[in-house]
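Some notes on the structure that comes next.
No experiment lies behind these values; they were computed from the predicted model shown. In listed order, ligands and their atoms are each counted from 1.
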Amino acid sequence: MTAIRQQNVTAAQWASNGGALDHVDLTKDENIVFGENVFNIATQRERLPEEVFAKLVGTLEHGEALDVDLADEVASAMKDWALQNGATHYTHVFQPLTNLTAEKHDSFFKPTGEGGTIATFKGSTLIQGEPDASSFPSGGIRATFEARGYTAWDPTSPAFLIDNPNGKLLCIPTAFASWSGEALDAKIPLLRSMDALSRSAIKALRLLGDDDAKRVTTSVGPEQEYFLIDEQYFYARPDLITTGRTLFGSEPAKGQELDDHYFGAIPERVLAYMMDLERELSKLGVPITTRHNEVAPAQYEIAPMFENSNIGSDHQQLTMQIMQNKARQYGLVCLLHEKPFAGINGSGKHNNWSMGTDSGHNLLDPGDTPSENLNFLFFCAAVIQAVNKHQGLLRAAVGNLGQDHRLGANEAPPAIISIFLGAELERVFETLAADDGGDPNTPDATLDLGAVALPPLPMDGGDRNRTSPFAFTGNRFEFRALGSSMSLAFTNTVLNAITAEAIDELADKLEALNSGDLAADVITVVKESYLANRQICFDGDGYSDEWQAEAKERGLKNLKTTVDALPEVISETTVDTFGKYNVLSERELEARYEVWIEQYAKGANIEAETASSIARTLIIPAALKHLVLIDSSGVGGLDSEVRPLTEDLIAKTKTLEEVNQYPEGLEEEGIEVAKYARDKQLTAMNEVRVIADKLERIVADEFWPLPKYVEMLFIK
Ligand code: ADP
Ligand code: MG
């Protein structure tokens with residue numbers, strides 16, 4: 001048996017550690033692990049002096065500024081809790097502009113000078129850290145010699161303990177800023193945007209007659225797609241190791257065409273992994289609720305219950321980290337790349353987003369008669385206006401190298417941002433706009449399934465539309481264009497900031513009208529806004545060519561690649577809105593733009609270098625061996641196939657190697673490097689791949705150096 005076939009047999013062997021997680025009585029409180037590793041409200045209430053706890057809760061609930069004097073007490077309680085749970089170290093976890101979280105561990109223990117050691121953790125240490133974290137991308141905000149960067153405790157996101165087989169680690173969610181106070185991370189702008197949205201929404205609610213709400217909070221519920229493959233294949237593929245995706249690989253005879261994986265029974269090893277993963281996340285207070293097989297073979301989805309944007313975003317980072325850690329315990333590797341396998345569905349992340357008041361109202365809940373729900377109409381119109389105005393920025397917010405294989409390429413969702421309202425809402429808004437006395441309401445309907453035993457089902461007011469990048473789904477908007485590896489922070493920062501602005505614009509109009517008839521005024525404002533922005537609403541097939549043409553006619557943006565989209569981050573419109581709401585200054589936006597451009601160019605360069613190395617050192621030799629086999633056999637008929645392909649592969653590899661040498665002076669050029677990477681390197685890489693994939697189908701299996709799609713995707 002060839003080496004790789006042997007590997008398959010080993011990969012297929014999986015022994016469960018049956019019952020390792022215990023089969024316990026889950027009706028008993030002591031068996032519920034949720035939040036066990038979190039310094040949550042309950043733990044704080046138990047461990048903090050009453051008045052300290054009360055003040056802290058004030059901060060958490062009302063978005064008030066933190067009283068610094070509290071910090072010592074909180075730090076001391078947190079330290080005792082951590083030590084009692086076996087944590088030796090603490091870390092300020094932050095989210096630099098890498099999409100990942102960063103951590104530097106410090107021990108609680110300091111020598112006493114008498115040969116002993118004592119655990120200390122002061123309030124000042126809790127509140128502020130000064131990691132010498134100067135090597136993170138800062139987009140020019142900070143030169144490497146300006147080492148000072150601060151981490152600042154975010155008391156609104158609870159501290160937690162990470163389990164390691166050899167101990168625990170106390171993690172404190174923090175923000176990360178430069179010496180001059182500029183945001184070097186993803187959390188600061190998100191928090192600023194949440195504040196901005198709350199201010200605008202509360203102001204509008206007052207006009208709308210709501211005197212109760214004190215704060216409006218945005219929520220996020222992410223649906224995360226991912227792949228799991230056996231780790232043996234992962235480590236046998238240099239492309240997966242260095243780039244997270246397969247740079248070579250011919251489509252297998254069986255792919256996803258039978259739709260037999262989607263929502264199928266979850267393979268046993270995978271389900272064992274999921275259960276273990278969810279239990280771990282549960283201890284960390286991440287409320288996972290949903291799991292299922294996704295469309296592609298070896299693809300799955302995990303989704304938590306929605307939480308406020310800040311905590312939801314922190315939890316999503318944690319989820320991605322634990323997903324990857326846990327997989328290894330099951331001999332699997334979790335792939336979060338947007339497109340690990342060409343020709344097979346990629347992985348996205350749906351960002352369910354809504355806004356709600358502290359008095360318990362979801363502002364995007366239409367209720368039974370949306371046409372009479374003034375608040376809903378107002379806030380929904382604001383979202384439509386915001387998305388239309390900032391469609392380019394939203395597109396940019398979901399751009400990265402991996403996403404270029406999905407958005408605007410051959411896969412969902414399209415690069416054109418549009419909104420799907422659904423039939424019921426569309427009817428409401430269109431009737432309002434037409435103003436011709438039509439009935440805006442969709443009559444209640446039930447679905448008769450035609451079998452006596454089955455009860456009639458109440459029908460939703462509208463069907464779903466899978467092809468829409470931004471869809472209304474009942475009581476929230478679902479931004480579906482995120483990539484699976486992405487942090488939620490920036491997209492939600494954008495959603496909050498642009499909606500805050502639109503709310504203010506509509507509120508100003510409402511205030512100006514002031515006719516004494518609030519309902520009539522709201523309808524006037526909503527109608528006017530909808531008429532001006534309805535071009536962004538589209539309920540047809542977002543994947544079709546007709547939509548590309550129609551969108552163009554409507555004047556919608558179609559920014560096909562990340563490189564086309566990123567300049568939107570520093571467009572006049574973005575700078576103006578983000579500046580007005582103190583979410584990100586022009587300099588902070590420029591920093592992000594530069595970092596993202598650079599990440600794209602560097603990522604593409606790494607892919608191109610990896611591809612040329614694999615072609616040179618693995619695939620060409622395999623083709624040559626095969627040629628030798630043919631020659632030595634003395635049998636005709638095969639040589640004419642393999643020889644020209646091999647020659648072509650050699651030529652194309654050399655071309656790739658040439659373009660991998662940047663032309664002189666290019667490196668100083670910012671976006672030009674990214675354009676070069678996209679147009680030259682990725683193109684040359686693809687040309688090598690096309691030939692290599694043809695060879696994969698004819699070269700003797702025993703010579704082929706890389707695990708194939710069929711084994712990576714189907715052996716579970
Ligand atoms: P589907 O696949 O049908 O879209 P899922 O159950 O997989 O639904 O995921 C829906 C996500 O939307 C969950 O994370 C859920 O908590 C979240 N969600 C539900 N209601 C809201 C809301 N009002 N605001 C934000 N997210 C929400
Ligand atoms: Mg789903």
Side-chain angles (χ1 to χ4, degrees), residues 34 190 193-194 197-198 201 213 215-226 261-264 266 274 277-278 281-282 285-296 299-320 323 345 347-367 370 373 375-376 379-380 382-383 387 412-413 419-422 425 457 459-482 484 486 488-489 491-496 499 542:
F34 188 81
L190 177 60
S193 76
M194 289 171 74
L197 184 127
S198 183
R215 190 165 168 87
V216 168
T217 309
T218 52
S219 299
V220 65
E223 300 162 56
Q224 167 80 54
E225 293 178 339
Y226 61 100
H261 187 69
Y262 188 52
F263 276 29
I266 301 173
M274 289 174 167
L277 166 67
E278 288 166 14
L281 288 170
S282 179
V286 184
I288 301 297
T289 52
T290 309
R291 56 166 104 106
H292 63 79
N293 284 5
E294 256 304 328
V295 171
Q299 191 187 31
Y300 310 93
E301 182 179 299
I302 179 169
M305 169 86 186
F306 66 96
E307 300 181 277
N308 94 42
S309 306
N310 180 38
I311 295 180
S313 163
D314 281 354
H315 277 171
Q316 178 66 13
Q317 295 302 112
L318 195 53
T319 301
M320 292 195 286
M323 282 169 82
N345 263 35
S347 293
K349 175 143 51 196
H350 292 180
N351 184 128
N352 292 273
W353 174 88
S354 68
M355 2 180 204
T357 67
D358 55 347
S359 45
H361 294 157
N362 177 353
L363 301 176
L364 293 177
D365 186 350
N373 185 337
N375 278 12
F376 169 76
F379 287 103
C380 190
V383 177
V387 171
I419 299 179
F420 173 75
L421 287 176
L425 272 197
L457 302 176
M459 263 180 94
D460 282 312
D463 200 359
R464 292 200 169 207
N465 184 325
R466 288 200 328 130
T467 68
S468 175
F470 202 94
F472 185 76
T473 45
N475 59 3
R476 60 192 186 266
F477 279 97
E478 187 169 341
F479 189 18
R480 301 209 181 105
L482 280 73
S484 57
M486 286 186 162
L488 298 173
T491 36
N492 288 282
T493 301
V494 171
L495 288 172
N496 296 346
T499 306

Gap separating the CE atom of M323 from the CD1 atom of I288, nearest 0.5 angstrom: 8.5 Å
4.0 Å heavy-atom contact, T473 with ligand 1: no
Which of the ligand 1 atoms, numbered from 1, are nearer than 4.0 Å to a heavy atom of N352: 10 (C), 11 (C), 12 (O), 17 (C), 25 (C), 26 (N), 27 (C)
Side-chain donor or acceptor of S354 paired with backbone N/O of R476 under 3.5 Å: no
Subset of ligand 1 atoms that lie under 4.0 Å from at least one heavy atom of G221: 14 (O), 26 (N)
Listed once per pair and sorted, the salt bridge (charged side-chain N to carboxylate O under 4.0 Å, His left out) pairs that draw on residues 348-361, sequence neighbours left out: none
Closest heavy-atom pair and its distance - Q299, S347: NE2-OG, 3.0 Å
Close-contact set for ligand 1 against M305 heavy atoms, below 4.0 Å: 16 (O)
Test item, E478 contacting ligand 1 (heavy atom, 4.0 angstrom): yes
Salt bridge (charged side-chain N to carboxylate O under 4.0 Å, His left out) partners of E225, counting only residues at least two apart: none
Contact partition for N362 relative to ligand 1, non-hydrogen atoms under 4.0 Å: side chain
Polar proximity ligand 1 side, S219 side, N/O cut 3.5 Å exclusive: no
Ligand 1 contacted by E301 (non-hydrogen, < 4.0 Å): yes
Salt-bridge present (E278, R291; N to O < 4.0 Å): yes
Any N or O of A303 closer than 3.5 Å to N or O of ligand 1: no
P304, A471, S354: member with heavy atom nearest to atom 15 (C) of ligand 1: P304
Rounded distance [0.5 Å steps], CG in N310 versus CE in M194: 5.5 Å
